[in-house]
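Values reported hereafter were calculated over all heavy atoms of this structure, with side chains retained and with hydrogens, waters and symmetry mates removed.
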Amino acid sequence: MELPSNLIPDEASPEWMNKGDNAWQLTTATLVGLQTIPGLVILYGSMVKRKWAINSAFMAFYAFAMVLVCWVGWGFRMSFGDKLVFFLGKPGVALDEKFLLKRAFAGYLPTATMVFFQSVFAAITLVLIAGSLLGRMNFRAWILFVPLWFTFSYTIAAFSIWCPQGWLAKLGVIDFAGGFVIHLSAGVAGFTAAFWVGPRAEKDRRNCPPNNVILMLAGAGLLWMGWSGFNGGAPFVASTISGLAILNTHVCTATSILTWLLLDSLFFGKPSVLGAIQGMITGLVCITPAAGVVQCWAAIIMGIISGSVPWYTIMVLHNKVKLLTLVDDPIAIFHTHAIAGGLGGILTGFFAVPKLCRLFYMVTDWEKYLGLVYGLQNGRTPAGFKQMGIQITAMGFVIVLNVVVTSIICWFIGLIVPLRMSDEELENGDDAVHGEEAFALWHEGERLVGRRHNNKVYDTREFSFGEYKDGVQMV
């Protein structure tokens, strides 16, 4: 019996390549890219005060572009290439067809697909760090920060935890899709950089409502749905584990949102849209290191924890810990990513199922991946505690790495350009920094005036606004 002509191997479709897996991986990579462009661009631009909308969105837009170029220039091989030292690969380009068209280090995919898939993970990490620095970081400093942090922090964590030659990977750390590599790293690095850059202007900290709540929800929705690619692509195959990972992701997230809203309603009397978004993010982050290696009931428990512990750290603990009040973290990246990512990594070590780990890793020594719950159940308690120890070790490594490296990078950049915007830029926002305003029309006194661009008014018409009384326009 002959194969259909579209399944017969040829030079463009070699025998080792699975067309379905390759198509799935390209799709998931695009979904992760859409989480950032436009997802986080919309979310950041909508969550901040109107005068910071362009700058916040543009920080994300720039970081995405810069990381992709650095990734093919040297980052991919530093993260997944031949070992240079136990925590880092050798730098090298990923640009020529001889390298890109051969089989990737994992899965039945060409390396080109793997390079693109991993690039969007690296890019979103830098964009998450930007969330801690909105409304005051000098854009020229951000231009330098992105390639430096990517090179000297992200590649180290990725190689150590995800590359088969990495020291933590050899120990048996479980990080399904980036709880440590992406979210804990971004949360700690963002908090550290925010410390060195300093806070926003005092009036911006006191009064900082979102400029568009509906668009904020739209950006959050893109982030949520895009997570199907984030966690669903981690196995590098369109498999049963991919399906489980996606289901667990959404179940945990929904549970986290409901938990957050319940706590908001009980303690503050009203469910908050912003709270729902924070609960969504903490649920997504918490399940990420565990998505395909835990039972669905465990995902629900993780959702309850991710919707309650970060809620407590934001709503209660934040105001009681001096360091947390000292560091200005505009959209709580530390709580939603560092706290939730650390929780997820530890809970992964608690709930990881041996069989699911075997189906995910597909390696001969899969038995070393054992959650504490199943160690206690199967009489392998020491192995379960060992897994917990490995998870905590990885968490400690990522924290120390990012505090040290981020501090050194901020110090170095400060020698070249100011880390912080000038007083004029802090006062005037987007118009001073970029010469642009976010909205075509805005309210000024009792009139709507044209949008400025580079100090030129493109629409000079003025429209009568009228007066309002009790929310009703008086004609």
side-chain contact (heavy atoms from CB on, under 4.5 Å) between Q391 and F180, worked out:
CA-CA 9 Å; Q391 300 297 112; F180 289 149; 3.9 Å; yes
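- Contact check for L184 versus H337: no side-chain heavy atoms found under the 4.5 Å cut-off.
- How far CG of L100 is from CZ of F116: 13.5 Å, rounded to the nearest 0.5 Å.
- For NZ of K368, the number of neighbouring non-hydrogen atoms (other residues, nucleotides, ligands) closer than 6.0 Å is greater than 12.
- Side chain to side chain, S306 and S256 meet the donor-acceptor criterion of an N or O pair below 3.5 Å.
- Not one N or O on the side chain of S46 forms a donor-acceptor pair closer than 3.5 Å with the backbone of L43.
- Atoms CZ and CG, on F385 and L372 in that order, are 5.0 Å from each other to the nearest 0.5 Å.
- Atoms CD1 and CD1, from I305 and I287 in turn, are 10.5 Å apart once rounded to the nearest 0.5 Å.
- A 6.0 Å sphere centred on CZ of F412 holds no more than 12 heavy atoms belonging to other residues, nucleotides or ligands.
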Test side-chain contact (heavy atoms from CB on, under 4.5 Å) applied to V237 and N18, step by step:
CA-CA 9 Å; V237 292; N18 183 303; over 6 Å; no
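- Counting only distance, with no hydrogens or angles, the side chain of Q25 and the backbone of G233 share a donor-acceptor pair below 3.5 Å.
- Between W227 and H183, the distance separating the two ring centers is shorter than 6.0 angstrom.
- Residues V294 and N248 have side chains in contact (heavy-atom distance under 4.5 Å, counting atoms from C-beta outward).
- Between the side chain of Y374 and the backbone N or O of K355, no donor-acceptor pair lies under 3.5 Å.
- Ring centroids of F117 and F121 are separated by less than 6.0 Å, placing the two rings close together.
- At distances below 3.5 Å, at least one donor-acceptor pair connects side-chain atoms of T111 with backbone N or O atoms of K102.
- At least one side-chain heavy atom of S13 sits under 4.5 Å from a side-chain heavy atom of K19.
- The 12-atom threshold is exceeded at OH of Y361, counting heavy atoms of other residues, nucleotides or ligands nearer than 6.0 Å.
- Looking at N211, its side chain does come within 3.5 Å of a backbone N or O of V48 through a donor-acceptor pair.
- Counting only heavy atoms from C-beta outward, the side chains of P310 and W260 approach each other to under 4.5 Å.
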What's the verdict on ring-ring contact (aromatic ring centres under 6.0 Å, His included) for F80 and F76, showing C-alpha distance, side-chain angles and the deciding distance?
CA-CA 6 Å; F80 297 100; F76 177 76; 5.7 Å; yes
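- Remark: the backbone N or O of G232 is paired with a side-chain donor or acceptor of S242 at under 3.5 angstrom.
- Judged purely by atom type and a 3.5 angstrom limit, W224 has no side-chain atom pairing as donor or acceptor with the backbone of I277.
- Around CZ of F152, the count of heavy atoms belonging to other residues, nucleotides or ligands within 6.0 Å does not exceed 12.
- Ring orientation note: the planes of F360 and F176 are tilted relative to one another, at an angle of 30° to 60°.
- In this structure the side chain of T336 never reaches within 4.5 angstrom of the side chain of V285, judged on heavy atoms.
- Within a 6.0 Å radius of CE in M362, no more than 12 heavy atoms belonging to other residues, nucleotides or ligands are found.
- Counting only distance, with no hydrogens or angles, the side chain of R136 and the backbone of L134 share a donor-acceptor pair below 3.5 Å.
- For L84 against P91, the heavy-atom pair with the smallest separation is CD2-CD, 4.4 Å.
- Minimum interatomic distance between S56 and Y44 (heavy atoms only, all atoms of both residues): CB-O, 3.9 Å.
- Remark: the backbone N or O of G172 is paired with a side-chain donor or acceptor of Q387 at under 3.5 angstrom.
- The shortest distance between side-chain heavy atoms of W149 and N402 falls below 4.5 Å.
- Contact check for T249 versus S228: no side-chain heavy atoms found under the 4.5 Å cut-off.
- A heavy-atom distance below 4.5 Å is not found between the side chains of T313 and H318.
- For D328, the salt bridge (charged side-chain N to carboxylate O under 4.0 Å, His left out) partners at least two apart in sequence or on another chain are R200, R205.
- Between F267 and W311, the ring centre distance stays below 6.0 Å.
- Around atom CH2 of W167, more than 12 heavy atoms belonging to other residues, nucleotides or ligands sit under 6.0 Å away.
- When each of W196, F191, F195, F145 is paired with T406, the side-chain contact (heavy atoms from CB on, under 4.5 Å) condition holds for F145 and for no other.
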After noting the C-alpha distance and the side-chain angles of M388 and I346, does the key distance pass the side-chain contact (heavy atoms from CB on, under 4.5 Å) rule?
CA-CA 7 Å; M388 291 290 287; I346 292 172; 3.8 Å; yes
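- Side-chain atoms of W74 and T151 include a donor-acceptor pair closer than 3.5 Å.
- S79 contributes atom OG, which lies 6.5 Å from atom OH of Y154 (distance to the nearest 0.5 angstrom).
- Taking OG of S308 as the start and CG of L262 as the end, the distance is 10.0 Å to the nearest 0.5 Å.
- Ring centroid separation for the pair Y108 and F236 does not come in under the 6.0 Å cut-off.
- Enclosure of atom CH2 in W297 by more than 12 non-hydrogen atoms of other residues, nucleotides or ligands within 6.0 angstrom is indicated.
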Take L244 and T240 through the side-chain contact (heavy atoms from CB on, under 4.5 Å) test and state the conclusion after the steps.
CA-CA 6 Å; L244 177 64; T240 55; over 6 Å; no
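- In terms of modelled atom types and a separation under 3.5 Å, the side chain of Y369 and the main chain of A352 share no donor-acceptor contact.
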